[in-house]
Engineer: 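Just dropping this structure here.
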Amino acid sequence: MKQNINKILLLLTIALCAACSKDDDAPQIDSVWKNMISEPIEKTEYAYPGQTICLHGSAFYDLRKVFVNGTDIDLTTSFIYDTENYITFQLPSDVKTSTSEQQSYIRVITAHGESVYRPFLVKPASEKPAISNFSTTQLTAGGILTITGQNLEGATEVWLPLPYGDQVSCELDPATPPTATSISVIIPADVTFAKGKCVIAMQKTNPVSGEPYTEKVYSSKTNFKN
């Protein structure tokens with residue numbers, strides 16, 4: 001009898017250890033980061049089709065599936081790189097965009113469990129901001145620089161490049177309110193401009209949660225001069 005009880009206790013201990021081990025091995029998504037060559041690597045809560053994102057977390061080994069808003073990500077292409085703590089992949093051009101909180105998610109499945117990260121917003125490619133042109137690259141202190149593009153509504157800040165990777169913030173021109181296609185800024189004094197990227201920060205509203213968030217757009221490298 002005592003031997004049978006010991007066997008039962010041993011089996012229960014093994015089962016509990018297996019359950020604990022399974023919990024420890026379950027994947028966990030902690031955050032999502034943009035991983036684009038054309039812009040800084042930054043934590044993000046949104047992305048567009050075709051962009052590359054990186055999931056930060058744990059226990060991603062034995063990866064089986066990744067879904068974004070229900071779209072099955074192809075894990076066999078050269079666009080995915082996965083380790084125990086990171087999964088980097090390119091969103092396909094036909095990824096489902098977010099239309100509700102229920103659809104705004106990333107799901108990772110491994111041989112040991114799954115993790116769901118939400119909300120994560122995937123915006124339609126037609127809404128992606130872009131900078132297309134500058135009224136001048138010869139900048140004069142106190143002068144006006146007009147930046148044109150698309151989907152630039154909600155602009156709150158504009159930075160221009162300085163030497164050694166620095167930036168300077170430019171005041172929005174109060175005489176010309178920013179629009180979705182045009183932003184005018186006043187050129188600051190006592191700075192030396194350089195070749196680099198113009199950055200525009202915009203205040204947007206998440207259509208799923210209704211919460212505000214900041215979106216940035218980067219120009220191509222441009223040689224600005226005084």
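Just so it is clear, the structure is predicted and the values come from calculations on it, not from any experiment.
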Engineer: Between Gln90 (side chain only) and Thr52 (backbone N and O only), is there a donor and an acceptor less than 3.5 Å apart?
Structural biologist: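 Not confirmed, Gln90 side chain does not pair with Thr52 backbone.
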Engineer: What distance separates Asn206 CG from Phe120 CZ, expressed to the nearest 0.5 Å?
Structural biologist: 10.5 Å
Engineer: Report yes if some heavy atom in the side chain of Tyr46 is under 4.5 Å from a heavy atom in the side chain of Ser104; otherwise report no.
Structural biologist: no
Engineer: For the residue pair Tyr86 and His56, establish whether any side-chain heavy-atom pair is separated by less than 4.5 Å.
Structural biologist: yes
Engineer: Between Leu152 and Pro129, which heavy-atom pair has the shortest distance, and what is it?
Structural biologist: CD2-CB, 4.3 Å
Engineer: Flag the pair Cys198 / Ile147 as yes when at least one side-chain heavy-atom distance between them is below 4.5 Å, and no otherwise.
Structural biologist: yes
Engineer: For residues Leu121 and Pro207, determine if any side-chain heavy atom of one lies less than 4.5 Å from a side-chain heavy atom of the other.
Structural biologist: yes
Engineer: Do Asn69 and Thr97 have side chains that approach each other closer than 4.5 Å (heavy atoms only, starting at C-beta)?
Structural biologist: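 In short, these two side chains do not touch, never coming nearer than 4.5 Å.
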Engineer: With a 4.5 Å heavy-atom cut-off, do Lys34 and Glu39 have their side chains touching?
Structural biologist: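 With C-beta onward as the side chain, the pair touches.
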Engineer: Hey, what do you get for CZ (Arg107) to CG (Asp72), rounding to the nearest 0.5 Å?
Structural biologist: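 Between Arg107 CZ and Asp72 CG, I get 10.0 Å after rounding to 0.5 Å.
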Engineer: Verify whether one side chain among Thr176 and Asp173 offers a donor that lies under 3.5 Å from an acceptor in the other.
Structural biologist: yes
Engineer: Counting distance only, does the side-chain N/O of Asn151 pair as donor-acceptor with the main-chain N or O of Ser126 below 3.5 Å?
Structural biologist: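 Yes: the side chain of Asn151 pairs with the backbone of Ser126.
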Engineer: Do Met36 and Tyr48 sit in the same hydrophobic cluster, where Ile, Leu, Val, Met, Phe, Trp and Tyr count as joined when their side-chain heavy atoms come under 4.5 Å apart?
Structural biologist: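 Different hydrophobic clusters.
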Engineer: Given Val108, which of Val116, Ile73, Leu55 fulfils the side chain to side chain contact (heavy atoms under 4.5 Å, CB included) condition?
Structural biologist: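 Going through the options one by one, the only one that passes is Leu55.
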Engineer: For the OG1 atom of Thr181 and the CG atom of Asn133, what is their distance to the nearest 0.5 Å?
Structural biologist: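 Thr181 OG1 to Asn133 CG: 12.0 Å, rounded to 0.5 Å.
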Engineer: At their closest point, which heavy atom of Glu114 faces which heavy atom of Ile109, and how far apart are they?
Structural biologist: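 In this case the closest contact between Glu114 and Ile109 is CB-CG1, 4.0 Å.
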Engineer: When clusters are formed by joining ILVMFWY residues with side-chain heavy atoms under 4.5 Å apart, either directly or through shared neighbours, do Leu145 and Val158 land in the same one?
Structural biologist: yes
Engineer: Thr83 side chain to Tyr81 main-chain N or O, any donor-acceptor pair under 3.5 Å?
Structural biologist: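 Side chain of Thr83 to backbone of Tyr81, a donor-acceptor pair under 3.5 Å: no, none is there.
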Engineer: Identify the two heavy atoms, one from Leu172 and one from Ile183, that lie closest to each other, and give their separation to 0.1 Å.
Structural biologist: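 Scanning both residues, the minimum pair turns out to be CD2-CG2, 3.8 Å.
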Engineer: Any donor-acceptor pair under 3.5 Å linking the side chain of Ser98 with the backbone of Val122?
Structural biologist: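 Answer holds: yes.
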Engineer: So does Gln150 get a backbone contact from the side chain of Lys128, meaning a donor-acceptor N/O pair under 3.5 Å?
Structural biologist: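 Checked: no pair found.
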Engineer: Heavy atoms, side chains only, cut-off 4.5 Å: are Gln203 and Thr214 in contact?
Structural biologist: yes
Engineer: Should Val185 and Val191 be regarded as members of a common hydrophobic cluster, given that ILVMFWY residues are connected when their side-chain heavy atoms come within less than 4.5 Å of each other, either directly or indirectly?
Structural biologist: yes
Engineer: Of all heavy-atom pairs between Gln167 and Val199, which one has the smallest distance, and what is that distance?
Structural biologist: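 Shortest heavy-atom separation between Gln167 and Val199 comes out as NE2-CG2, 3.4 Å.
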Engineer: Say whether Val66 and Tyr117 are linked into one hydrophobic cluster, either directly or through other cluster members, by side-chain heavy-atom distances under 4.5 angstrom.
Structural biologist: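 Yes; Tyr117 is reachable from Val66 via cluster members.
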Engineer: As an exercise, state the distance from CG of Leu160 to OG of Ser219, rounded to the nearest 0.5 Å.
Structural biologist: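 Leu160 atom CG to Ser219 atom OG measures 8.5 Å (nearest 0.5 Å).
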Engineer: Is a side-chain donor or acceptor of Thr136 paired with a backbone partner of Gln138 at a separation under 3.5 angstrom?
Structural biologist: yes
Engineer: Would Phe67 and Ile106 count as a side-chain contact (heavy atoms from CB on, under 4.5 Å) here? Give the steps.
Structural biologist: CA-CA 6 Å; Phe67 293 94; Ile106 298 173; over 6 Å; no
Engineer: Would you say Glu84 has more than 12 foreign heavy atoms packed within less than 6.0 Å of its CD?
Structural biologist: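 Yes - once you tally the heavy atoms of other residues, nucleotides and ligands closer than 6.0 Å, there are more than 12.
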Engineer: Find the distance between CG (Leu63) and NZ (Lys65) and round it off to the nearest 0.5 Å.
Structural biologist: 10.0 Å
Engineer: Would the distance check show the side chain of Tyr61 and the main-chain N or O of Asp82 forming a donor-acceptor pair, the cut-off being under 3.5 Å?
Structural biologist: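 No; judged by distance alone, with no hydrogens or angles, the pair does not exist.
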Engineer: Tell me whether Glu127 contacts the main-chain N or O of Pro124 through its side chain, where contact means a donor paired with an acceptor under 3.5 Å.
Structural biologist: no
Engineer: Whether the side chain of Asn226 engages the backbone of Phe193 through a donor-acceptor N/O pair (distance < 3.5 Å, no angle test) should be reported.
Structural biologist: yes
Engineer: Take Leu75 and Phe89 through the test side-chain contact (heavy atoms from CB on, under 4.5 Å) and record every step on the way to the result.
Structural biologist: CA-CA 8 Å; Leu75 303 183; Phe89 60 94; over 6 Å; no
Engineer: Test of understanding: clusters of I, L, V, M, F, W, Y form through side-chain heavy atoms closer than 4.5 Å, transitively. Do Trp33 and Tyr105 belong to the same one?
Structural biologist: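 No.
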Engineer: How far apart are the closest heavy atoms of Pro27 and Ser115, and which atoms are they?
Structural biologist: O-CB, 3.3 Å
Engineer: Answer yes or no: is there a side-chain heavy-atom contact under 4.5 Å between Ile187 and Thr140?
Structural biologist: no
Engineer: Which atom pair, heavy atoms only, marks the closest approach of Trp159 to Ala201?
Structural biologist: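 Taking every non-hydrogen atom into account, CZ3-CB, 3.7 Å.
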Engineer: Rounded to the nearest 0.5 Å, how far apart are OH of Tyr218 and CD1 of Ile200?
Structural biologist: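 Here the rounded value is 11.5 Å.
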Engineer: More than 12 foreign heavy atoms under 6.0 Å from CD of Gln102: is that the case here?
Structural biologist: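 No - once you tally the heavy atoms of other residues, nucleotides and ligands closer than 6.0 Å, there are 12 at most.
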Engineer: Walk me through whether Thr148 and Ser182 qualify under side chain to side chain donor-acceptor pair (under 3.5 Å).
Structural biologist: CA-CA 4 Å; Thr148 53; Ser182 179; over 6 Å; no
